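These notes are about the structure you will find just below.
Because the structure is a prediction, the values reported are computed rather than measured. Keep in mind that the numbers below use all heavy atoms, side chains included, and drop hydrogens, waters and symmetry copies. Here is how names work: the chains are called A, B, and so on, in the same order as the sequence lines, proteins then strands, and each is numbered from 1.
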Amino acid sequence: MFHNSSQKKFWTFKNEDELEQMRYMANEKFRRKALESGKPGIGDFKFLDRHEEDALFRHYERRLLDFCNAFKPAMPKSVVGTAIMYFRRFYLNNSIMEYHPRIIMLTCAYLSCKVDEFNVSSTQFVGNLLQESPAGQERVAEQILEYELLLIQQLNFHLVVHNPYRPMEGLLIDLKTRYPTLENPESLRKSADDFLTQAAMTDAGLLFSPSQIALTAILNSASRAGLKMESYLTECLGLKEDKETLSKMYDSMKRMKTLLKKYELPKQEEVNAYKHKLERIHAEFATSSNKRKRGYEEDGHVAKEPRLTEEDWTDEDLL
Amino acid sequence: MDDQGCPRCKTTKYRNPSLKLMVNVCGHTLCENCVEMLFVRGSGNCVQCDTPLRKSNFRVQLFEDATVDKEVEIRKKVMKIYNKREFDFPSLRDYNDYLEQVEDIVYNLTNNVDVENTKGRMEQYQRENKDIIQRNKAKLTREQEELEELLLLEQQSNEQRRLEVLQEEQRQLQAKRKSKQTLLDELEQSKLPATILLAQHKVRAAQLETQIEQQKQNVKPTSLFSTGIQIGQTVSLQPLPRIQEVLYQYKPLQVETYGPPAPDLEQLSRFGYLNHVRAAMPQDTAGGYTSALACYRAIQDAFNGLFPIRD
């Protein structure tokens, strides 16, 4: 359950500044590593800034969501939520410049299918990459398998992610049972769902517990429909006496709403420009770091030849 | 033993499970055949470590790990010299110090650490304590003899008992046969009617049976328990000290869920939660699933972590 989960202990942070700090550190770490590797012709302008990284991150996150929504057979919502959370957590401690997002996003989706027991074989998985030839799909499959262990490591082996979908169902059930004031809680479901999907594209999952996100979703959709629900909090959740907790909860809900409002999809021209930069950085540094992402093939094992065809498939091949 | 082969001929061990491995003083193993071949002249060098060895020093390996055998040999030799007993020492601490010394020496010799120094220490000890060593050796042999005598006695008494039992059985068989024979003879010769003869025979057989039973009851009571304590010897038993402890009190588990309390599984239907959950189909209930379980989980998840955590 959430109260003793690794998500609460290790992956819930206090505020956005802490998250920003971590991402900044990841960026710095990569810059230092690249400069130390002593390649000639490196200027600071070649590296991606924080806001450029952010734009690219949001762009690829959107691609991940679209990929999961277009997935055949239909992916359950929790799998999508888990995949996005993995993606977000991975790039909290690593820079986009070090590991290219398009591989990581597919690896995240693949891993989350496994963890959430949505059984998809790797061939079936890459079969969803419609733009690729079968040979290309196989290559992608191999790449995913290479990066899988790295991803699990960077998640610190904390693979269980608590999504807000089940808490939302629970709250709806509770509303129907104990809160007759609200006549038709089912009507709130659709807009609450949309709220949750949007919240998944923000840092809300890293700052608040899933039940808080679900509650905010429901209250938001209720206020949009013009229904008053404050008495639910005071009566049914037993917060009549506890003014402090009540005010704190309203606080967090406000913060969450601001987070959602702040979200915007980056513009296509910017994204293209940043992508060029990213490709250049990867071409320079990535192949030199000798893609040995296979953590399980230690010494004493015959290693496969390095794959020079890493960058062959591009973003457009995804959808 | 089958997972390691002879380091020299390698395959022969698997092909011939009855083949034995021999260990020498350097701790390396060789199978019997290889020993024959390499040490045909009586002495040679070890295959792996090149120490000069003699054929007579090879012993059949008893333990899976050859280093254990090596240590056992070394220990036997050391214990021949260091053979003091516990009552030779004024206090337990001294005895333990002595034992630790012995262990150090065995360890050093087994792992080839500081060998000359250790051997020097051993010789010095031997010189200093020559008479004690001799005395203890004599005591040891005496004890071993006593033990052997006891064993012999036991064996003899077992043999005797076995013989006695056999003889008893023979006697009983013979008695039975005799009574049958007498019956047949009487049937032939006597003038009495057959029924009376049969009745007499039955009485005789019953008497024999009771005799056998009585003899079985007359088992000689032993005077010794199997541990060697005499029967009837008083052993002082002090009353065990009473330990008074705090009784265990069951306290149900309290879990902090940072949220409003969720209703129990049993109360769900009472409060009407189950009306809002999809009912379980017959094929679901077969596996033990009830709609209450899904409802319970959803409610728990909804309430878990709802309140902000107090820092």
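- Across all non-hydrogen atoms, the minimal contact from A:Pro167 to B:Ala302 is O-CB, 3.4 Å.
- Side-chain contact between B:Glu256 and A:His3: absent, with no pair of heavy atoms (C-beta onward) separated by less than 4.5 Å.
- Here the CD1-CG distance, from B:Ile299 to A:Asp174, works out to 5.0 Å after rounding to the nearest 0.5 Å.
- A distance-only check finds a donor-acceptor pair linking the side chain of A:Ser211 to the backbone of B:Asn304 [under 3.5 Å].
- The local environment of CD in B:Glu116 is sparse, with at most 12 non-hydrogen atoms from other residues, nucleotides or ligands closer than 6.0 Å.
- At a threshold of 4.5 Å between non-hydrogen side-chain atoms, the residues B:Asn275 and A:Thr177 do not count as touching.
- Annotation for A:Asn119: atom CG does not count as buried by contact number, only 12 or fewer foreign heavy atoms lying within 6.0 Å.
- Residues B:Leu306 and A:Met249 meet the side-chain proximity criterion, which asks for heavy atoms closer than 4.5 Å.
- Chain B forms more heavy-atom pairs under 4.5 Å with one residue of A:Arg166, A:Glu169, A:Gln212 than with any other, namely A:Arg166.
- Counting heavy atoms from C-beta on, the side chains of A:Pro185 and B:His276 never come closer than 4.5 Å.
- Side-chain contact between A:Phe2 and B:Thr257: absent, with no pair of heavy atoms (C-beta onward) separated by less than 4.5 Å.
- Within a 6.0 Å radius of CZ in A:Arg224, no more than 12 heavy atoms belonging to other residues, nucleotides or ligands are found.
- The shortest distance between side-chain heavy atoms of B:Tyr273 and A:Arg178 falls below 4.5 Å.
- Between the CG atom of B:Asp301 and the OH atom of A:Tyr165 there is a distance of 14.0 Å, given to the nearest 0.5 Å.
- For A:Arg58, the CZ atom is densely surrounded, since the number of other residues' heavy atoms within 6.0 Å is greater than 12.
- More than 12 heavy atoms of other residues, nucleotides or ligands lie within 6.0 Å of OH in B:Tyr289, so this atom counts as buried by the packing criterion.
- Residue A:Tyr250 places its OH atom among more than 12 non-hydrogen atoms of other residues, nucleotides or ligands, all under 6.0 Å distant.
- A heavy-atom distance below 4.5 Å is found between the side chains of A:Lys8 and B:Tyr258.
- Rounding to the nearest 0.5 angstrom, the gap separating the CZ atom in B:Phe307 from the OG atom in A:Ser209 is 11.0 Å.
- The number of heavy atoms from other shown groups lying within 6.0 Å of CE (A:Met25) does not exceed 12.
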